[in-house]
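Shown next, in structure tokens, is the structure this report addresses.
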Amino acid sequence: MSNGKQSYALAPDCDVSANGVSMLTADEAPGVDEPGPGPESESEESAAGDEGFDLLYSIDDVPPWYLTILLGLQQYLTMLGGTVIQPFILAGPMCFSASSLALSEIMATSFFVSGIATTIQTFVGVRLPIVQGPSFSYLVPALALLNHNRWQCPAEELYRSDDNPDGLDYDEVWQSRMREIQG
């Protein structure tokens, strides 16, 4: 005991009953400071560490080229949904749902930036092949911001057209909203 505090340890033959567990102080517990039984040899230690894991490859192993291509395609298809869905979710509130050109620009930018961030993460960061893509955590604040009266989409007849040459520029409408979300 030091500083008036007591440390407790479970005794190997402690009594577990409906009322709780009987506790002994560290001074009373037999063999608390003694190291417990360990593996006899290094091979026994590594065998004990691998129990329950059925790994095909360790960290330093390289899978065959055909499996690498197949797993890369699987990774691409996994990230595809998360990267493509965000422009579709934001298209209506940001007023570019009628423009396939604007939608394709947002998707292309998302894929381009995801590729650059993933490449940097793979070679400079923690060096794991983890896809860096758009985060869904920013959707709720973006949608809340775009729900404000200031950012409501204007009526279609207010946009520039042959009948209304002095109307709103379609690109400026959604790009101003994009700048507001980006800060």
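For clarity, every value in this text was computed on a predicted model and none was experimentally measured.
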Inset, instruction - Please name all residues satisfying side-chain contact (heavy atoms from CB on, under 4.5 Å) with D61, sequence neighbours left out, ordered by chain then number. - result: Y57, S58
Legend entry - side-chain contact (heavy atoms from CB on, under 4.5 Å) partners for I59, two or more places apart: none
Legend entry - Residues forming a side chain to side chain donor-acceptor pair (under 3.5 Å) with R179, sequence neighbours excluded: E172
Legend entry - D171: side chain to side chain donor-acceptor pair (under 3.5 Å) partners, not counting sequence neighbours: W174
Inset, instruction - Hey, could you give me each pair passing disulfide (SG to SG under 2.5 Å) that has a residue in residues 114-149? Not counting sequence neighbours. - result: none
Legend entry - Listed once per pair and sorted, the disulfide (SG to SG under 2.5 Å) pairs that draw on residues 82-183, sequence neighbours left out: C95-C153
Are side-chain heavy atoms of [X] and [Y] found at a separation under 4.5 Å?
{"X": "I120", "Y": "I116", "value": "yes"}
{"X": "T122", "Y": "I130", "value": "no"}
{"X": "I181", "Y": "Y138", "value": "no"}

Rounded at 0.5 Å granularity, tell me how far [atom1] in [X] sits from [atom2] in [Y].
{"X": "M94", "Y": "Q175", "atom1": "CE", "atom2": "CD", "result": "9.0 Å"}
{"X": "Y66", "Y": "L71", "atom1": "OH", "atom2": "CG", "result": "11.0 Å"}
{"X": "F88", "Y": "I106", "atom1": "CZ", "atom2": "CD1", "result": "12.0 Å"}
{"X": "T83", "Y": "F111", "atom1": "OG1", "atom2": "CZ", "result": "5.0 Å"}
{"X": "Q75", "Y": "T118", "atom1": "CD", "atom2": "OG1", "result": "8.5 Å"}
{"X": "M79", "Y": "Q74", "atom1": "CE", "atom2": "CD", "result": "14.0 Å"}

Do the side chain of [X] and the main chain of [Y] share a donor and acceptor less than 3.5 angstrom apart?
{"X": "S99", "Y": "F96", "result": "no"}
{"X": "S114", "Y": "S110", "result": "yes"}
{"X": "Q152", "Y": "H148", "result": "yes"}
{"X": "S176", "Y": "V173", "result": "yes"}

Inset, instruction - Say whether M107 and L80 are linked into one hydrophobic cluster, either directly or through other cluster members, by side-chain heavy-atom distances under 4.5 angstrom. - result: yes
Legend entry - Cluster check L143, V84: I/L/V/M/F/W/Y, side chain < 4.5 angstrom: yes
Inset, instruction - Report, as yes or no, whether the 6.0 Å neighbourhood of atom CZ on F136 holds more than 12 heavy atoms from other residues, nucleotides or ligands. - result: yes
Inset, instruction - Begin with the C-alpha distance, continue with both residues' side-chain angles, and end with the deciding distance and a verdict on side-chain contact (heavy atoms from CB on, under 4.5 Å) for I69 and L73. - result: CA-CA 6 Å; I69 291 173; L73 180 64; 5.6 Å; no
Legend entry - Verdict with reasoning, V124 to T119, per side-chain contact (heavy atoms from CB on, under 4.5 Å): CA-CA 8 Å; V124 178; T119 303; over 6 Å; no
